[in-house]
Amino acid sequence: MPLGQGAQFQQHERRPRRATGTKSGFRADIQALRAIAVGLVVLSHLWPGKLTGGYVGVDVFFVISGFLITSHLSKELFATGKLRLAAFYSRRIRRLLPAAFAVLAVSLVAAVMILPYSRWTDTAQQILASALYAENWVLAANAVDYSASTASATVAQHYWSLSVEEQFYLLWPLLMVGLVTLAVRLKVRPRVVVAAGIAAAAAGSFAFSAYLSGAGHHEAYFYTHVRLWEFGVGAGLALMVNRLKFTPAAANLLALLGFGGLIATAVLYDAATPFPGTAALLPVMATAMVIAGGTPGHAMWHSRLTSLPPVQFLGNISYSLYLWHWPLIVVGPFLIDAELRSPDKLVLLAIAVPLAWATKVWVEDKGLQFRPKSQPAVKTVMAMVLGMAVIAAGTGGVYLGQQARVAEAEQIMLNQKTSVCYGPRAMDHAAKCGDRFGPAFVPTMSEANAYHKTASECTDNLDILMAGDKKTTRICDFSGGAPAAPTVWLVGDSHAQQWQAPLFDLAKRKKWLLKISFLGGCPPAAVTYAGFYASVADQASVKNCRSWGQAVSEAVAADKPAYVFTSAFARRERVEDGSGRSQNEQYAEGFGKYWRAWTSAGSTVVVLADPPYNVDVRAPDCALLNVEDPARCAVDRAAAAPPDPMVYAARANEHPRLKLVDLTDYFCDNSRCYSVVGGVVVYFDVNHLNVEFSRLLGPMIEDRL
């Protein structure tokens, strides 16, 4: 793309360039970095408990991309004053999209043939987003959607990093052209302006990354602008390449320290590390150190290892291996009808490597060779659009297919409604119901089973009882216009939300005005929230949880409802007030404060004890992988239903208008707890109830009022 000031530009940029690497420009050390990066990612996905920080491999790729792309663009831009954008974009398309689209197409077919239909819609959505290189934004949206955040991974989820890279490739040349144009107009050396512009963009991106990660915004992990500084570090290194002068010893030490830093982060980092933020500095700078150390072209000490054919081979197939490994991991358990064990994972790896090699040779390389004689850029773009259209059509068909299967499932459930042996009712009729823990009528969970579905009588979320920027509250009018209809509240986290279906049914019969307020991961109690599971809560979450809880407590007390139903995942929502007291004691005081306020207002408070664990005690897909014999997923009652702080609090705060409803006996017999009861799958996802099972418990709840 001509800049229009080529001659003037040449006067500003005449610094000679020094060749780097080999004469061909090939860098064996960068190829080794690719091998390490893909190795870290693949191994951490296969054995997440062993290599907890392997996700830093993605950051390595980002730095390498920033370095190589900026090296290529700056060479052309500073030498000619032009950028052939059409040629650049065309080459990126031919380099990346054929393999990416091929894997997406195969993954879509495999999902339909192998995965349960409950996965089809999410798979179709994310495959389409990946084909459009917007997967990172879909995952960012899901990260802030509590109900979506517990969904199972799809075969295309790993495309988020490729989406970030492609967005970088799209915008970065335009930024460099704009900076050079500005330099020419200001009569300043273009290299200086480009370097300053990149430094400013990287600094702003890093500051934003550090802020969002520190504030607990988990969606920031996927944001392009949060990751931009990682590309910027590589880009800045590319602009400095002619000025880097190290002695052989210094260059080697720098590279070795870089390799060591990468391995250290992969071993020491884990899911609790705030990332990317400041924690990403170590893998990013370690990658830059390796690249910088190899730039002067000295003989490198690590070459005996990093130049080995297996290392270079792995680096050569790294892109295709990244594409293939994740779909294989997702579909693998459903191919063998069992969770993947280490021997299975080794077989999967043995499949992925040759598959990646074949894709590299027959798809990646062939894609680069696609060079039409006339209008090559136009025809390349047309081929890209055609590929996107084919994938879009396929995903649309998959979505329609799932809707048909969902309708079938709903009819099957409807046909069983009157049976006394259906779902939890089977526990009350043990003598009549035979095998109460046998196969499910509908083993696959889909939107027909979603615990968070809202009734048509409910409003949209209202601008009241906000938790930061989250809307938490709806009003569901089941009164039918009856005067003086009783007001009832349901409050809590998502483990309270999973009880809304039976309360909707009860509200319809009783003609209640039902008000619901939920904040995921937050116990409705006057406690100091500390985190969910092993994670440490950020200050924003702590503040939002406490302020929402206080506001709900006051609103409910002021409303003086007939009933207040409440529940929470208190077993896994940690609280810590610094007193040294146990979780039970802190919860007893915290829950008690709110409950007393409500009973004092004349309300009957109904505490819905939390159901037994699911994912904490069994594999998340256990029921699906054991369709014919789901009793294999049964676990000891003591493990699945340990003491619940909320139950302890209810007993410690005994009051005539405080009722504890503990339905554990409908999930478990005397010794074990089950994932399928009375032909109904108990759990919708890793820790929430199937709405069908929850609804069938409605009469049991009503009996205890």
Side-chain angles (χ1 to χ4, degrees), residues 143-150 215-218 271-272 451-452 465 467-468 470 472 490-500 516-553 564-595 605 607-617 639-653 660-662 664 683-689:
V144 297
D145 181 347
Y146 192 84
S147 61
S149 66
T150 55
H217 293 272
H218 304 299
Y451 70 94
H452 47 77
L465 302 178
K470 295 180 181 178
T472 66
L490 170 62
V491 298
D493 57 15
S494 64
H495 279 225
Q497 188 177 20
Q498 68 186 346
W499 294 110
Q500 67 180 6
I516 56 178
S517 187
F518 309 124
L519 180 59
C522 175
V527 291
T528 303
Y529 177 59
F532 190 64
Y533 281 81
S535 65
V536 177
D538 57 89
Q539 290 304 308
S541 296
V542 172
K543 179 181 178 181
N544 289 342
C545 181
R546 188 62 182 265
S547 63
W548 169 81
Q550 290 176 336
V552 166
S553 176
V564 183
F565 292 86
T566 186
S567 191
F569 197 18
R571 288 183 176 122
R572 289 302 190 187
E573 290 163 343
R574 296 183 299 105
V575 295
E576 183 53 66
D577 61 5
S579 65
R581 294 180 298 167
S582 69
Q583 295 286 291
N584 281 344
E585 291 172 322
Q586 293 181 58
Y587 266 122
E589 179 182 307
F591 279 126
K593 181 177 180 180
Y594 288 174
W595 296 344
V605 176
V607 178
L608 299 168
D610 202 46
Y613 287 144
N614 182 27
V615 72
D616 296 270
V617 294
D644 183 354
M646 193 165 51
V647 173
Y648 178 91
R651 291 170 177 162
N653 289 278
L660 173 64
V661 177
D662 187 346
T664 303
Y683 300 98
F684 170 70
D685 59 22
V686 294
N687 61 29
H688 299 100
L689 295 179

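Basis for what follows: all heavy atoms, side chains included, without hydrogens, waters or symmetry-related copies. Along the sequence shown, residues are numbered consecutively beginning with 1.
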**OP:** Any chance you could measure C545, atom SG, to F532, atom CZ, to the nearest 0.5 Å?
**Re:** 12.0 Å
Original post:
What's the spacing between S567 OG and Q500 CD if we round to 0.5 Å?
Top reply: 12.5 Å
Subject >> Considering all heavy atoms, the nearest V647-A609 contact >> reply: CG2-CB, 3.7 Å
Original post:
Can you tell me how far CG of D662 sits from CG of L608, rounded to the nearest 0.5 angstrom?
Top reply: 10.0 Å
Original post:
Can D577 and S579 be said to form a side chain to side chain donor-acceptor pair (under 3.5 Å), step by step?
Top reply: CA-CA 6 Å; D577 61 5; S579 65; 2.6 Å; yes
Subject >> Partner residues of F591 under the ring-ring contact (aromatic ring centres under 6.0 Å, His included) criterion, sequence neighbours left out >> reply: Y587, W595
Original post:
Does NZ or CZ of R571 lie under 6.0 Å from the centre of the six-membered ring of Y613, at an angle within 45° of the ring axis?
Top reply: yes
**OP:** Locate the shortest heavy-atom distance separating V607 from M646; write the atom from each residue and the value.
**Re:** CG1-CG, 3.5 Å
Original post:
Any idea which heavy atoms bring L490 and A496 closest together, and the distance?
Top reply: CD2-O, 3.7 Å
Original post:
Without hydrogens or angle criteria, can the side chains of S494 and H452 be said to hold a donor-acceptor pair below 3.5 Å?
Top reply: no
Original post:
Are any of the side-chain heavy atoms of F518 and P524 separated by less than 4.5 Å?
Top reply: no
**OP:** In sequence, state the C-alpha distance, the side-chain angles, and the governing distance for D610 and Q498, and then conclude on side chain to side chain contact (heavy atoms under 4.5 Å, CB included).
**Re:** CA-CA 10 Å; D610 202 46; Q498 68 186 346; 3.8 Å; yes
Original post:
Which atoms form the tightest heavy-atom contact between G521 and D493, and what is the distance?
Top reply: N-CB, 3.8 Å
Original post:
Just by distance, do the side chain of S541 and the backbone of A537 share a donor-acceptor pair under 3.5 Å?
Top reply: no
Original post:
Is there side-chain contact between R546 and V527, with heavy atoms separated by less than 4.5 Å?
Top reply: no
**OP:** Check side-chain contact (heavy atoms from CB on, under 4.5 Å) between A640 and all other residues, then give those that pass, not counting sequence neighbours.
**Re:** P612, V617, V635, C673
**OP:** Could you go through the side chain to side chain contact (heavy atoms under 4.5 Å, CB included) check for F569 and Y533 one step at a time?
**Re:** CA-CA 10 Å; F569 197 18; Y533 281 81; 3.6 Å; yes
Original post:
In Å, rounded to the nearest 0.5 Å, how long is the span from OG of S553 to NZ of K593?
Top reply: 8.0 Å
Original post:
Which distance, rounded to the nearest 0.5 Å, do you find between the OH of Y648 and the CD of Q583?
Top reply: 12.5 Å
Original post:
What closest approach, in Å, do G592 and N653 show between heavy atoms, and which atom pair accounts for it?
Top reply: CA-OD1, 3.5 Å
Original post:
Any sub-3.5 Å donor-acceptor pair from T472's side-chain atoms to L519's backbone N or O?
Top reply: no
Original post:
Is there a donor-acceptor pair under 3.5 Å between the side chain of Y594 and the backbone N or O of Q550?
Top reply: yes
Subject >> Step-by-step side chain to side chain contact (heavy atoms under 4.5 Å, CB included) determination, L689 to F684 >> reply: CA-CA 5 Å; L689 295 179; F684 170 70; over 6 Å; no
Subject >> NE2 on H495 to OG1 on T566, rounded to 0.5 Å >> reply: 13.0 Å
Original post:
What's the shortest heavy-atom distance between Y529 and V542, and which atoms?
Top reply: O-CG2, 3.3 Å
**OP:** Mind running side chain to side chain contact (heavy atoms under 4.5 Å, CB included) on Q586 and E576 for me, showing each step along the way?
**Re:** CA-CA 8 Å; Q586 293 181 58; E576 183 53 66; 4.0 Å; yes
Subject >> Counterpart residues, side chain to side chain donor-acceptor pair (under 3.5 Å), relative to N614 (two or more places apart) >> reply: R618
